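Please read the structure below before turning to the comments.
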Amino acid sequence: MIKALEETTEFLQARGFEDPELGIILGTGLGKLVDELEIIAEVSYNHIPGFPTATVEFHKGKLIYGKLDDKKVVVMQGRFHIYEGYTLWDVTFPVRVMKRLGIKKLLVSNAAGAINPEFKKGEIMLIDDHINLQGGSPLAFRGVEHLGTRFTDMSEPYDQESGRIMQEIAKENNITLHKGVYASVVGPQLETRAEYRYLKIIGADAVGMSTVPEVIVANHLGIPVAAVSVLTDECDPDDLQPVDIYDIIQAAGKAEPQMITLFRELIKRIELKPVS
Ligand code: HPA
């Protein structure tokens with residue numbers, strides 16, 4: 001386990017991924033932030049030893065190292081999901097590698113369905129808390145206890161300071177930024193009306209198929225994490241419209257300029273403190 005992490009880290013360091021300060025995971029339809037980067041190095045996931053092989057056709061599947069406003073960043077353009085057949089260890093392996101490369105903070109984006117009826121398609125939600133409905137933990141693997149505390153505290157899984165700054169940025173730029181609870185499901189099927197009703201009752205504001213495993217591992221490693229969802233469809237169980245994955249991707253793409261503003265400005269303004 002540790003050997004695999006070391007091998008991947010050394011491979012990337014040898015290709016120029018030197019001391020990134022910040023890790024960024026870009027979700028569905030949100031890959032364009034990389035156009036803002038001064039790219040120094042990039043490698044396709046399927047050329048990185050130890051990485052799961054990228055299969056989701058909508059993602060480009062590349063790890064990119066570069067500079068953004070003088071901060072050294074490592075960007076995952078596309079992520080791994082358990083619905084592709086990967087384990088929760090595989091899905092979160094890149095977060096562990098990014099920590100070994102040196103990141104001090106992690107920023108995460110995703111596409112999600114809006115459960116809260118006040119939240120509309122195309123709007124953005126800052127994730128303030130989550131509910132793990134993926135039926136497993138990325139920490140429930142043999143040997144993980146050597147990589148961090150086993151009983152990881154999750155009383156405040158999302159970095160409050162980054163959230164506050166993002167709300168400030170949203171206000172200055174007239175971006176609607178909700179704040180809420182993200183529920184993660186396995187997918188890849190979308191939810192039934194009964195499931196959307198259930199998600200609302202248990203306190204979810206949005207639902208998606210990612211992010212929570214990465215956030216759990218970031219907490220395990222002591223890396224502060226900020227995450228935002230683009231709301232790509234409205235999940236009203238009493239008036240449910242069939243959803244098409246291409247609609248979801250298109251809706252995510254439409255919100256992309258606002259997501260880029262939020263992330264870019266946040267990267268400019270955040271202070272990066274050393275993590276243990
Ligand atoms: N459900 C689950 N995942 C999603 C959805 C949804 O409605 N929309 C985008 N990702």
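Indexing begins at 1, ligand by ligand and atom by atom, following the structure's order. Small disclaimer: the values here were computed from a predicted structure and weren't measured.
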Min over Glu195, Lys121, Glu191 of heavy-atom distance to atom 2 (C) of ligand 1 lands on Glu191
Can you sort out which atoms of ligand 1 are near Met209, meaning under 4.0 Å from one of its heavy atoms? 2 (C), 3 (N)
Residue part near ligand 1, for Tyr196, under 4.0 Å between non-hydrogen atoms: side chain
Which residue supplies the protein heavy atom nearest to atom 4 (C) of ligand 1, what is that atom called, and how far is it? Val207 O, 3.6 Å
Salt bridge flag under 4.0 Å for residues Arg264 and Glu36: yes
Which heavy atom of the protein is the closest neighbour of atom 9 (C) of ligand 1, given with residue, atom name and distance? Thr232 OG1, 3.3 Å
Ignoring hydrogens and geometry, is there a side-chain-to-backbone donor-acceptor pair from Thr87 to Asp90 under 3.5 Å? yes
Answer yes if the side chains of His220 and Arg96 hold a donor-acceptor pair under 3.5 Å, and no otherwise. yes
A cation-pi test, strictly: NZ or CZ of Arg15 under 6.0 Å from the centre of the six-membered ring of Phe17 and no more than 45 degrees from its axis. Yes or no? no
Where does Cys235 meet ligand 1, judged by heavy-atom distances below 4.0 Å: at the side chain, the backbone, both, or neither? side chain
Just by distance, no angles: are the side chains of Thr211 and Asn110 close enough, under 3.5 Å, to form a donor-acceptor pair? yes
Can we say Lys171 and Glu168 salt-bridge, meaning some charged N sits less than 4.0 Å from an Asp/Glu carboxylate O? no
Which heavy atom of the protein is the closest neighbour of atom 10 (N) of ligand 1, given with residue, atom name and distance? Ala111 O, 3.5 Å
Nearest neighbour in protein (non-hydrogen) for atom 5 (C) of ligand 1: Gly113 N, 3.4 Å
Around atom 8 (N) of ligand 1, find the nearest protein heavy atom and jot down its residue, atom name and distance. Asp233 OD1, 2.7 Å
Taking atom 6 (C) of ligand 1 as the reference point, the nearest protein heavy atom with its distance: Leu190 CD2, 3.4 Å
Using a strict threshold of under 4.0 Å (side-chain N to carboxylate O), is an ion pair present between Glu161 and Arg164? yes
